[in-house]
Structures are given as structure tokens and as C-alpha cells.
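Reminder, nothing fancy here: chain letters follow the sequence lines and each chain counts from 1.
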Protein chains: 2
Amino acid sequence: MARKPVQQRAKATVDAIVEAGFIAMAERGPAATTTRQIADIAGVGVGSLYEYFENKEEIFRVMSERFVADTIAMIQPLIPTIVRKPIKEAVLDLLGHFRDFLQANNERYLKCARYAMALDFEQHVEPLQKTLSELVTQYLMHHPETLKIRNIPTMSYIMINGGIYSVVRHLCDPAPPITFDELAGGLADMVSHYTEREMALVSP
Amino acid sequence: MARKPVQQRAKATVDAIVEAGFIAMAERGPAATTTRQIADIAGVGVGSLYEYFENKEEIFRVMSERFVADTIAMIQPLIPTIVRKPIKEAVLDLLGHFRDFLQANNERYLKCARYAMALDFEQHVEPLQKTLSELVTQYLMHHPETLKIRNIPTMSYIMINGGIYSVVRHLCDPAPPITFDELAGGLADMVSHYTEREMALVSP
DNA sequence: CGCTTGTTCGGATTCAATTCGGAAAATTTA
DNA sequence: TAAATTTTCCGAATTGAATCCGAACAAGCG
């Protein structure tokens, strides 16, 4: 950000610009959105964009940050109830909320997720990964019998990355080969079967 | 492609342009490569780019297509040996080859994969998904006992998408939280545990 | 060799991103 | 409240990359 907004008025324009960025991106995709469009939607002169953002990229960056922050804010309050559920139900619950979240507001965040994964994807989603890792940790602590499972960090990595990607990919696909419920059920089975098999192996 | 090359000379230019695209993209990433750079590396005038490509995007599109075609060409000959191996070995084998392939030529294809997944990812990688689905089908036919597993299409979808993404993501990450071998082993365990557990459930 | 068709090129054009300097609004100071 | 100062806003001008275009050059062909 080139300059910090100090007056209330300026904070409002910054918000309007970011909001306009979401609208423009949802309409035409990130590649096709121009600074002029964003400015017009925001009801602001083009020059104003550069008062608070270094360049167009930074607008997208802030949008991604807001998206990740909102995702975390969506997940955090779910944690206490999720960690008390059986594994399969827990996964289904989380995925259902995630889908609803991505599809809200004309799929605003779904489009954002698609873009966020494209460039510098490690930078932006890292806090989200951390939150999900914490969710896994808390889950394990509420189910002590699962602590015997080997390779927990590896499995977290796979399920978090693979899960997020599969879901985003599926929701973006206009003609997916399977339904969302099948996908969610499959991911839940994948996790539950893995844990069951691991526990059987470790303590026969 | 605006026009088809008919003479040998023209085919060579098209090849040089695509090749230059790979080199430029590997050097600076897709966003930072300009038409001028591609033309210079190819030893060709800027105008020549537009004889055979509608625009810069199309150069990237052709690159993605070549990448996917090469990936398939890499996997096809592996199928006969892979389908005869135990599941865990089979997955490890496939992932090892995939990693080597992505990292060859100064990670040319790894960078390409990252880009291919960004825009229109369903279009480009679809043939690859089909090939991998066939691999799964053939594998199942060589191991008739696994045919009892439920939700095979769903599980293919998850493992193919989640697996490709996890691997690409991991290889792009300069400081990954786990090693590649851990990731590969984890994916192999995920698949094998799932099949084992499913088979135990279906025929106890 | 003339003729036609295919190919190459780089300057000219177009269009979006970014800059900049001054006007308007808000805030502070006296 | 009025002047001074700071903050905000703007849109015409600049910049640079993408794309177009028509002349010049090569290849095939009778």
C-alpha cells in the first residue's frame, strides 16, 4: 500500500476499491479486469487506485488476504463443535460449510480461490493451512486413540492441500464427473478409512 | 492459431516460438515474459508470433497442450509395469517418474503445471485425467479382488486431483514442511489403506 | 524465368497501467 | 472563523507492452 488512509473518507474509498475488485473479478475473471473498470465500479477516479495500492496486483493481493482471513473467520467458530464429532461427520461438516462459503455472493470467493492458487499460492493460503493444521491437532487431542497414527503431518498436508484443491476444482467445473456429495463423502471416507486402518495396524 | 504453417521453414519458426516460450517462462515466470523476449529468444521478429498465434495467451495454451501431451507420453509406457505391482509400489513408482519429469529441463514443466492449473485448468489437464483414469481402470482389472471397492470414480477423482496438486504444490514450495519421499509415501499409504479397509468392509 | 503463394519483419498503432501536479475537502492552528 | 496545513481525489499525460499491417523476401511451380 503506497499510503495509509487516515481519514474516514479515505478508508471508505479503499474499501470501495477492494469491493469493486471482487465485483469486477466475479464478472470477467482476474485477467480481464482493468483498472478503469475497478475505478468505475468503485465510483472513483483511476488515479485514486494508486493512492493506496502500489499497482493492480496489490489490489488482488489484498483481496486474497481478505478472502483467507474471512475463510479463517468462518472456520474458527466451527472448531469446537467439529472436534467433538466422529471423523466422517466432522469432515462432511467442514466441507459443507466450506462449499457454502465459496458459493456465497455470486461465488465471489470461489473465483478468488481459483486465482489465489495460481500465483504465489504458498504466500496467501499459508495462514489458512495453519488454521487447518490446528484444527487437526485439536481433533487428535479430543480423540486420544488416534494419536497412535503415524505420519500425521504428512497426512495433514495431503488432506488439506488435496482436499482444498479437489473441492475448488469441483465447484469450478461446469460439468463435474461426480456430485459434490460424492466428493465430500469420498474425502470423508478417505480420512476415516485411513485412520481406521492405521489404528488397526498399530494396535492389533 | 491464426494460420497453419505449410512450409518446413514455418514449422521450424512455430517450434522455435514455443520452445522460446518455455525458456522465457522458466526464467521469469509467465506474468513477466513479454512478446519481445519470446521473439528475441526464438530469433524471430515480434510480428512472426502473430502469424501462427492469435495472441500471447495462445502461445501459453499451446505450451500447456504440449506439456500435457508429453506427460501422457511419459506415463503411457509405464502403465504395463505399474499395473502389475502392489498398490503402494505402483503409486511410489508413478510419483517418482512424475517428479523427475516435472523437474527435468530446469523445471520447465513444473512451472508449466503451475500455470496450467491456474487458468482454465479443466480444459488443459482433462486428457491427462483421462489417461490416469485409464491407468486406474487397468490396475483394477489386474487386481480383481479390488473390484469390490465402492465409489471407485470418486476415489479416482480425489486421488488424481489431490495427488497432482499436492505434488506440484510441494515441488514449487521452497521450504516444504515435509520431504518429497514423505509426501509420496503418504499418498501411497492413503491409497493402500483405503483399498485395504474397503476390502475388509465389503468381504469380512 | 515470371507468377503465385507463403513467410518474415519491424515500425506504427492501440490500449491498459501508471504517474503527476494541481484542485477540493478535511483538519488543525491561531 | 479564517488562514494554514494536511489529506484526498482526480483525469489528462506518459509509458510500455501487445497487436496490426503492408512492404520485402523466399519457395514452389508452370
Can you find a side chain N or O atom of B:Arg3 that sits less than 4.0 Å from OP1 or OP2 on C:dT7?
yes
Whole-Å gap separating C1' (D:dT8) and NZ (A:Lys4)
16 Å
Would you mind writing out the side-chain donor-acceptor pairs for residues 85-100 of chain B within the sub-3.5 Å range, not counting sequence neighbours?
unit_1: B:Lys85; atom_1: NZ; unit_2: B:Asp93; atom_2: OD2; d: 2.8
unit_1: B:Lys88; atom_1: NZ; unit_2: B:Asp189; atom_2: OD1; d: 2.8
unit_1: B:Asp93; atom_1: OD1; unit_2: B:His97; atom_2: ND1; d: 3.2
unit_1: B:His97; atom_1: ND1; unit_2: B:Asp93; atom_2: O; d: 3.0

Provide the full list of ring-ring contact (aromatic ring centres under 6.0 Å, His included) pairs with a residue in residues 68-87 of chain A, sequence neighbours left out, each pair given once.
none
Sub-3.5 Å pairs of nitrogen or oxygen atoms, protein against nucleotides 22-26 of chain D:
none

Once side chain to side chain donor-acceptor pair (under 3.5 Å) is applied, do any residues pair with B:Lys11, and if so which ones, sequence neighbours excluded?
none
Would you say B:Thr13 reaches C:dT7's phosphate, i.e. side-chain N/O to OP1/OP2 under 4.0 Å?
no
Interatomic distance where NZ belongs to B:Lys11 and P belongs to C:dT7 [whole Å]:
9 Å
Closest-nucleotide 5' rank along DNA chain C - winner of B:Gly47 and B:Gln8
B:Gln8
Quick one: ring-ring contact (aromatic ring centres under 6.0 Å, His included) pairs with a partner in residues 24-48 of chain B, sequence neighbours left out?
none
Quickly work out the B:Lys56 NZ to C:dC15 C1' distance and round it to whole Å.
14 Å
Is it true that a side-chain atom of A:His143 and a backbone atom of A:Val83 form a donor plus acceptor pair closer than 3.5 Å?
yes
Would you kindly give the CG-to-P distance between B:Asp15 and C:dT7, to the nearest whole Å?
14 Å
Tell me: CD1 of A:Ile17 to C1' of D:dC9, nearest whole Å?
10 Å
Distance check: side-chain N/O of B:Thr35 vs OP1/OP2 of D:dT19, anything under 4.0 Å?
no
Students often mix this up, so state it plainly: with edges at 30° and 60°, are the rings of B:His193 and A:Tyr194 parallel, tilted or perpendicular?
parallel
Kindly say if B:Tyr50 contacts the phosphate of C:dT8, meaning a side-chain N or O under 4.0 Å from OP1 or OP2.
no
Between CZ of B:Arg36 and P of D:dA18 the distance, given in whole Å, is 9 Å
Starting at atom CD of A:Gln37, determine the distance to atom P of C:dC15, rounded to an integer number of angstrom.
14 Å
Taking side chain to side chain donor-acceptor pair (under 3.5 Å) as the test, write out the residues that go with B:Arg28, two or more places apart.
none
Report which part of the nucleic acid B:Thr34 touches: base, sugar-phosphate, or nothing (heavy-atom distance under 4.0 Å, all strands).
sugar-phosphate
Looking across every strand, which nucleic acid part, if any, lies under 4.0 Å from A:Val6 by heavy atom: base, sugar-phosphate, or nothing?
sugar-phosphate
Please give, in whole Å, the distance from D:dT8 P to A:Phe53 CZ?
13 Å
5' precedence on DNA chain D between B:Thr33 and B:Ser48 (nearest-nucleotide basis)
B:Thr33
